[in-house]
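In what follows, a single structure is set out as structure tokens and then discussed.
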Amino acid sequence: MPWWLAALACLTTGVALLPLFYLGVRAAQYPAADFLAAVFSERSARLATASLALTAVVTVLCLVIGVGLAVLVTRTTLPGRRSLAVAAALPLAIPSYVAAFGWQSMNHLVSPGTTFEGFFAATVVITSVTYPYVFLPAAAALLRVDPAQEEAARALGRGPVNTFFSVTVRQAAPAITSGGLLCAIYVIADFGAVSILRVDTFTRAVFTSFSMGFDRLGGIALSSVLLVLTMVVLVVEGRFRRTSTRYATVGSGAAAPAMRLSIGRWAAPALILAWGTVLTALAVPGAALAYWAYRGVSTPGSLAEVGGAFMNSLWVAALGGAATTALAIPLAVYIARRPSRLARSLERLAYLAHSLPGVVVGLSVVMLGISVLTGLYQSMWLLVLAYCTLMLPLALGPAVAAALSAPPELEEAARALGKPTLIAYLRITLPLMAPGIGSGFLLVMLTVVKELPATLMLRPTGFDTLATRLWTYTGNESFAAAAPFAVLLVMLAAIPAWLMISRLLKEEK
């Protein structure tokens, strides 16, 4: 293994962690008493209470809705299960700030003069777009449960309901819990929905400190607390994953069909409740987008504005995707070819940065540009740096999988024929990794298009994307002007969502 590959892998992870490292440096520059006073202030306590309460309520609701829908789709005789599976996963394509725009604008249509904002509104909106993070892994886990173990429990005298809860659900518990913790991280990091619906959480307060006079100490202190909250959730998720029970498959050969519960007379109430929940999550923002988009695109000049924002989104997404993918390639090859403790540590650090709120990364890069990289401040390069920090694992995962599938014997054969190691990687390994690299590049692009807080903080002056234009018009309650941007965002976000749904449908027979 060449030394320069390890050096490039370390450099990749260092670039991804640079903004967070600089945030720690800036926090250490303030007097400890002032910093601690800001961290443990009454404002910080109020924000922590609101953030944790919203996170807890949304996570519990997502667990109830996601697991309930997964059970109905995979483990019952409910009519139309496949259609319900598709519809239940579709809210994944709606960014939270687009959903908030849809609900708020629909309230404006149905009940003029009233407001749709606050804790309850944020709970409804965020839950409606977040429960698929529980539904998809729960459904996949329930489909993978070994039917032989259920049959053994039935043979020992347990009824179908007892078997389901004591055997089936227990085996799916790790996936269900991981989905719930993923929802918690999403809620803690959410910025768009809570800002549009005017709920004071850490993410909104950090952005306010940046935009309203730039309270640097307050922004750094609140970002530090938000960082700690995210880290706590990540530690809990990692520890649960390590300690959760694993179950082996009994026997060999093709798996038997999964056991399904007959719900009999409860079929009609279950259909009404399931479809009512899913259609509410889809129909409210969908109807609002359709109505306001029709009015918005009929405005003179609006099509040119939408087209310009769309092209800007694609341009910055292509830059972010290319830079992030280029950084991911050497790290992916190193992880695949040298599965050492250093490689595992670098991979975990890269995923750590991805789990952090975009508003914290954005603030870190802003301070880095103001104090150190002054020539790059408000340039596209700092924005791309933030994207690399946030999106690196999206490109890294497919690239690692592709590198692992590329036979190392081909590289060894090339070196045996006198080719330098670098040439062997460029001519043999990279072409074999091309499908995974392309998948990662596309995933990063689609995610960059939806990213809001870092783009708002770091975009060059006069540079607007679909997300930033939607944000601007929503803040002014210009719903018709905002809707075309929201529609395009949903259409772009639907691509990865449909890929996940397709994968689930292949397993659900």
Side-chain angles (χ1 to χ4, degrees), residues 15 18-20 22-23 26 95 97-98 101 191-192 195-196 203-220 222-223 296 299-324 357-391 444-445 447-478 481-486 488-489 492:
V15 170
L18 179 61
L20 300 179
Y22 186 72
L23 179 66
R26 290 304 304 269
Y97 54 89
V98 173
F101 157 77
F191 165 75
S195 297
I196 292 174
T203 51
R204 188 182 182 214
V206 170
F207 185 82
T208 302
S209 298
F210 159 76
S211 57
M212 302 297 181
F214 199 62
D215 177 14
R216 297 187 179 182
L217 176 58
I220 292 173
L222 295 177
S223 296
T299 304
S302 61
L303 287 178
E305 184 183 7
V306 173
F310 180 73
M311 295 307 298
N312 285 344
S313 294
L314 290 184
W315 168 241
V316 73
L319 286 178
T324 305
V359 68
V360 173
V361 174
L363 180 62
S364 304
V365 178
V366 166
M367 292 187 297
L368 184 65
I370 291 176
S371 304
V372 180
L373 305 176
T374 54
L376 299 179
Y377 183 60
Q378 284 199 328
S379 71
M380 198 68 71
W381 298 110
L382 281 185
L383 182 57
V384 169
L385 173 61
Y387 290 151
C388 290
T389 297
L390 290 167
M391 314 298 176
V444 172
M445 277 193 63
T447 308
V448 166
V449 168
K450 298 187 300 178
E451 208 289 323
L452 179 61
T455 307
L456 282 172
M457 290 180 170
L458 293 161
R459 62 193 169 109
T461 302
F463 186 86
D464 285 310
T465 64
L466 293 172
T468 61
R469 294 308 296 166
L470 171 63
W471 169 264
T472 301
Y473 283 126
T474 302
N476 299 328
E477 295 190 355
S478 302
F485 303 97
L488 281 176
L489 278 170
L492 291 172

Just verifying a value: how many Å separate S313 OG and L488 CG, rounded to the nearest 0.5 Å? 8.5 Å
Please report the closest heavy-atom contact between L383 and A454, naming both atoms and the distance. CD1-O, 3.8 Å
On a heavy-atom basis, which atom in T474 and which in A482 lie closest, and how many Å separate them? OG1-CB, 4.0 Å
Pick out which of F310, F101, Y97 makes a side-chain contact (heavy atoms from CB on, under 4.5 Å) with L489. Y97
Given side chains that start at C-beta, do those of L492 and L466 come closer than 4.5 Å, heavy atoms only? yes
How close do G362 and M457 get, heavy atom to heavy atom, and via which atoms? C-SD, 3.5 Å
Looking only at heavy atoms, which two atoms of L385 and L368 are closest? And how far apart? CD2-CD2, 4.0 Å
Applying salt bridge (Lys or Arg N to Asp or Glu O under 4.0 Å) as the test, list every pair that has at least one member in residues 449-459; sequence neighbours left out. R459-D464
What's the verdict on side-chain contact (heavy atoms from CB on, under 4.5 Å) for R469 and V306, showing C-alpha distance, side-chain angles and the deciding distance? CA-CA 9 Å; R469 294 308 296 166; V306 173; over 6 Å; no
Show the numbers, then the answer: is there a side-chain contact (heavy atoms from CB on, under 4.5 Å) between T455 and V316? CA-CA 10 Å; T455 307; V316 73; over 6 Å; no
Could you tell me which non-hydrogen atom of A323 sits nearest to which non-hydrogen atom of V384, and how far apart they are? CB-CG1, 3.5 Å
Interatomic distance, CG@L314 vs CG@L319, rounded to 0.5 Å, equals 11.0 Å
Show the nearest heavy-atom pair for residues A317 and V448, with the distance to one decimal. CA-CG1, 3.7 Å
Spacing of OG belonging to S478 relative to CG belonging to L470, to within rounding of 0.5 Å: 11.0 Å
In Å, rounded to the nearest 0.5 Å, how long is the span from CE of M445 to OG1 of T324? 11.5 Å
Got a sec, which pairs hit salt bridge (Lys or Arg N to Asp or Glu O under 4.0 Å) with one end in residues 371-388, sequence neighbours left out? none
If the plane angle is over 60° it's perpendicular, under 30° parallel, otherwise tilted; pick one for F207 and W471. perpendicular
Go through the steps to decide whether Y387 and T447 satisfy the test side chain to side chain donor-acceptor pair (under 3.5 Å), and finish with yes or no. CA-CA 9 Å; Y387 290 151; T447 308; over 6 Å; no
